[in-house]
Asker: 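For reference, the structure I am asking about is given below.
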Amino acid sequence: MKIIVLDGYAANPNDLSWEPLAQMGDLTVYDRTTPEEVEERAADAEIVLTNKVLLDARQLAKLPKLRYIGVLATGYNVVDIAEAKRRNIIVTNIPAYSTQSVAQMTFAHILNIVGQVGHYARLNRDGRWSESRDFCYWDTPLRELSGMTLGIVGLGNIGMSVARIAIAFGMEVFALTSKEQTSLPEGLQKTSLDHLLAVSDILTLHCPLTESTREMINAKSISKMKKGAIIINTGRGPLVNEQEVADALQSGHLAAYGADVLSVEPPSADNPLLHAPNAYITPHIAWATFEARTRLMDIATANVRAFLDGKPIHSISG
């Protein structure tokens with residue numbers, strides 16, 4: 001059984017082991033693969049694992065022996081699922097491996113923005129505290145989360161984890177969700193998008209990217225938010241119109257934008273959010289804690305083993 005990993009470096013930059021996967025077949029792991037290299041590298045493979053390398057209908061047509069695609073992520077838009085079904089190729093993903101890590105990064109952004117931790121650390125390295133006439137100083141507004149309103153778009157595993165943390169901080173928490181109010185924990189209130197936009201001091205995005213959610217945060221929706229509101233995006237970059245978010249930061253209508261994702265990754269140097277005031281951008285690392293990547297590798301291996309046993313799990317292609 002020939003197994004090819006097309007882009008293994010992001011999930012495993014040599015601090016984890018591929019050995020459990022190697023025990024199930026003839027394994028070759030590539031750190032990165034360009035679209036032009038896919039056919040040559042995977043031509044004889046029955047099993048292919050991919051993280052961000054695209055396997056569309058054109059690519060799948062060039063891989064006649066392929067029977068299984070393991071996506072090394074939760075999102076699976078890199079695979080043409082309809083074409084995979086037509087070719088009887090099983091496709092699996094890695095669900096819920098990064099829930100706690102992404103929730104943690106969500107609050108890392110929130111706490112950095114509200115408490116300005118990075119700002120004061122930089123000033124102190126430049127001698128600001130040493131030069132202070134008082135035992136302390138501050139030159140930005142400082143807020144506590146207790147009593148602030150958090151709006152959550154999407155209540156999957158990550159959104160729900162974020163909600164529980166927010167409730168523990170004493171925040172008032174509203175959510176846009178298809179779940180019934182009776183199924184939600186105490187302190188979490190279901191509401192409409194317009195109400196969510198209107199009441200949120202902080203709005204955080206945890207919904208899938210679909211045609212209805214693409215660029216849901218734009219000039220029109222931002223205009224419905226409080227002046228001085230904060231937006232956090234650890235979901236998908238294209239959930240926001242990046243230029244219009246940058247414009248709202250420039251005008252001061254938004255106080256800050258914290259994101260771990262951008263619409264194109266890696267971004268071009270002229271992405272407006274890389275230069276906008278009070279935009280705090282991390283390089284898509286919320287998922288990448290050692291613990292989360294360990295779970296990812298374990299689930300990916302279990303997915304392949306289940307496929308070989310004839311009992312696929314986490315299948316998204318039927």
Asker: If you round to the nearest 0.5 Å, how far is CG of Leu203 from CE of Met225?
Answerer: 4.5 Å

Asker: Let me confirm one number: the CG-CD1 distance from Leu55 to Ile81, rounded to the nearest 0.5 Å.
Answerer: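 The CG atom of Leu55 sits 9.5 Å away from the CD1 atom of Ile81.
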
Asker: Ignoring hydrogens and angles, tell me if any N or O in the side chain of Ser251 forms a donor-acceptor pair with the backbone of Ala248 under 3.5 Å.
Answerer: yes

Asker: Transitively linked via ILVMFWY side-chain contacts under 4.5 Å: Leu145 with Leu142?
Answerer: no

Asker: Identify every side-chain donor-acceptor pair in residues 159-176 under 3.5 Å, counting partners at least two apart or on other chains, and give the distances.
Answerer:
residue : atom : partner : partner atom : Å
Ser161  : OG   : Gln100  : OE1          : 3.4

Asker: Tell me the closest heavy-atom pair linking Ala42 and Val48, and the distance in Å.
Answerer: CB-CG2, 3.9 Å

Asker: Decide yes or no on side-chain contact (heavy atoms from CB on, under 4.5 Å) for Ile232 and Phe107, but give the supporting numbers first.
Answerer: CA-CA 9 Å; Ile232 307 295; Phe107 271 90; over 6 Å; no

Asker: Tell me yes or no: between the side chains of Thr213 and Thr210, is some donor less than 3.5 Å from an acceptor?
Answerer: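 A pair is found: one side chain offers a donor N or O, the other an acceptor, under 3.5 Å apart.
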
Asker: Would you check, one step at a time, whether the test side-chain contact (heavy atoms from CB on, under 4.5 Å) holds for Thr140 with Tyr120?
Answerer: CA-CA 10 Å; Thr140 67; Tyr120 290 106; 2.8 Å; yes

Asker: Which is it for Met1 and Met24 under the side-chain contact (heavy atoms from CB on, under 4.5 Å) test, yes or no, and what are the steps along the way?
Answerer: CA-CA 8 Å; Met1 184 70 66; Met24 291 184 279; over 6 Å; no

Asker: Do Arg214 and Leu209 come within less than 4.5 Å of each other through their side chains, counting heavy atoms only?
Answerer: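 Counting from C-beta outward, Arg214 and Leu209 do come under 4.5 Å.
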
Asker: Do you know which two heavy atoms are closest between Ala292 and Ser101, and how far apart they sit?
Answerer: CB-OG, 3.5 Å

Asker: Calculate, to the nearest 0.5 Å, the distance between atoms CD and CD belonging to Gln243 and Glu215 respectively.
Answerer: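 Rounded to the nearest 0.5 Å, the CD-CD separation comes to 11.0 Å.
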
Asker: Measure from the side-chain N and O atoms of Trp287 to the backbone N and O of Thr99, and report whether any donor-acceptor pair falls under 3.5 Å.
Answerer: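 No: the side chain of Trp287 does not pair with the backbone of Thr99.
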
Asker: Just checking, any donor-acceptor pair under 3.5 angstrom between side chains of Asp260 and Thr282?
Answerer: yes

Asker: Side chains of Leu262 and Leu274: closer than 4.5 Å at any heavy-atom pair?
Answerer: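 The answer is yes; the side chains approach within 4.5 Å.
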
Asker: Determine which pairs satisfy salt bridge (charged side-chain N to carboxylate O under 4.0 Å, His left out) with at least one residue from residues 174-202, sequence neighbours left out, and list them in order.
Answerer: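 Checked against salt bridge (charged side-chain N to carboxylate O under 4.0 Å, His left out) - neighbours excluded - the pairs reaching residues 174-202 are Asp194-Lys224, Asp201-Lys226.
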
Asker: Give, for atom CG of Leu6 and atom OG1 of Thr34, the distance between the pair rounded to the nearest 0.5 Å.
Answerer: 10.0 Å

Asker: Has Asn51 got a side-chain atom pairing as donor or acceptor with Ala73's backbone, closer than 3.5 angstrom?
Answerer: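 Not confirmed, Asn51 side chain does not pair with Ala73 backbone.
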
Asker: Please name the pair of heavy atoms, one in Thr92 and one in Ile313, separated by the smallest distance, quoted to 0.1 Å.
Answerer: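 Answer, listing the atom of Thr92 first, then Ile313: CG2-O, 3.3 Å.
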
Asker: Under 3.5 Å, side chain of Glu83 to main-chain N/O of Ala57, donor-acceptor pair present?
Answerer: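 Between the backbone of Ala57 and the side chain of Glu83 there is no qualifying donor-acceptor contact (under 3.5 Å).
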
Asker: Heavy atoms, side chains only, cut-off 4.5 Å: are Gln59 and Val53 in contact?
Answerer: no

Asker: CG of Leu184 to CD of Gln189: how many Å apart, nearest 0.5 Å?
Answerer: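 Spacing of CG (Leu184) from CD (Gln189) equals 10.0 Å.
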
Asker: When you compare the side chain of Thr33 with that of Thr50, does any pair of heavy atoms fall below 4.5 Å?
Answerer: no

Asker: Could you tell me if Glu242 and Ser263 have a donor-acceptor pair between their side chains, going purely by distance under 3.5 Å?
Answerer: yes

Asker: Other residues, nucleotides and ligands only: do more than 12 of their heavy atoms fall within 6.0 Å of CD on Glu40?
Answerer: no

Asker: Does atom CD (Gln250) have a neighbourhood of more than 12 heavy atoms from anything else shown, all under 6.0 Å?
Answerer: no

Asker: Given side-chain hydrogen bond (donor to acceptor under 3.5 Å, both in side chains), test Tyr137 with Asn124 step by step and report yes or no.
Answerer: CA-CA 11 Å; Tyr137 73 92; Asn124 290 344; 2.7 Å; yes

Asker: Side-chain contact, heavy-atom cut-off 4.5 Å: Leu60 with Arg86?
Answerer: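 Answer no - side chains too far apart.
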
Asker: Going only through I, L, V, M, F, W and Y residues with side-chain contacts under 4.5 Å, is there a path from Val153 to Leu150?
Answerer: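 No, Val153 and Leu150 fall in different hydrophobic clusters.
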
Asker: Would a distance-only check, ignoring hydrogens and angles, find a side-chain to backbone donor-acceptor pair under 3.5 Å from Asn271 to Leu273?
Answerer: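 Looks like yes, one N/O pair under 3.5 Å.
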
Asker: Give a yes or no answer on whether the side chain of Asp7 reaches the backbone of Lys52 with a donor-acceptor pair at less than 3.5 Å.
Answerer: yes

Asker: Roughly how far apart are Tyr257 OH and His109 NE2, rounded to 0.5 Å?
Answerer: 9.5 Å

Asker: If you take all heavy atoms of Arg67 and Arg87, which pair is closest and at what distance?
Answerer: NH1-O, 4.5 Å

Asker: Are Leu66 and Ile316 connected in the hydrophobic side-chain network, where two residues link if heavy atoms are under 4.5 Å apart?
Answerer: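 Yes, Leu66 and Ile316 fall within the same hydrophobic cluster.
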
Asker: Same cluster for Leu205 and Ile110 if Ile/Leu/Val/Met/Phe/Trp/Tyr side chains link at under 4.5 Å?
Answerer: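 In one cluster with Leu205: Ile110, no.
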
Asker: For Met216 and Cys207, work out which heavy atoms get closest and say how close.
Answerer: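 Heavy-atom minimum between the residues: SD-SG, 4.0 Å.
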
Asker: Contact between Val5 and Asn12 at the side-chain level, heavy atoms closer than 4.5 Å - yes or no?
Answerer: no

Asker: Are Ile217 and Asn233 close enough, and set up right, to give a side-chain contact (heavy atoms from CB on, under 4.5 Å), and what steps lead you there?
Answerer: CA-CA 10 Å; Ile217 302 302; Asn233 185 7; over 6 Å; no

Asker: Within the distance-only criterion (no hydrogens, no angle test), does the side chain of Glu46 pair as donor or acceptor with the backbone N or O of Lys65 below 3.5 angstrom?
Answerer: no

Asker: Does some side-chain heavy atom of Leu308 sit less than 4.5 Å from a side-chain heavy atom of Ile47?
Answerer: yes

Asker: Determine whether a donor-acceptor pair (N or O, by modelled atom type, separation under 3.5 Å) exists between the side chain of His314 and the backbone of Gly70.
Answerer: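 No; zero donor-acceptor contacts below 3.5 Å.
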
Asker: Of all heavy-atom pairs between Leu196 and Ile152, which one has the smallest distance, and what is that distance?
Answerer: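 So the minimum-distance heavy-atom pair works out to CD2-O, 3.7 Å.
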
Asker: Under the 3.5 angstrom rule, does the side chain of Gln116 hit a backbone N or O of Ile113 as a donor-acceptor pair?
Answerer: yes

Asker: Using atom types as modelled and distance alone, determine if a side-chain donor or acceptor of Asp56 lies under 3.5 Å from a backbone N or O of Arg58.
Answerer: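 Such a contact is found between Asp56 side chain and Arg58 backbone.
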
Asker: Does Ile202 reach the side chain of Met148, with side-chain heavy atoms less than 4.5 Å apart?
Answerer: yes

Asker: Can you name the salt bridge (Lys or Arg N to Asp or Glu O under 4.0 Å) partners of Arg236, sequence neighbours left out?
Answerer: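 If we apply the salt bridge (Lys or Arg N to Asp or Glu O under 4.0 Å) test to Arg236, skipping adjacent residues, there are no hits.
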
Asker: Do Ile158 and Tyr97 land in one hydrophobic cluster if side-chain heavy atoms of ILVMFWY residues count as linked below 4.5 Å?
Answerer: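 Different hydrophobic clusters.
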
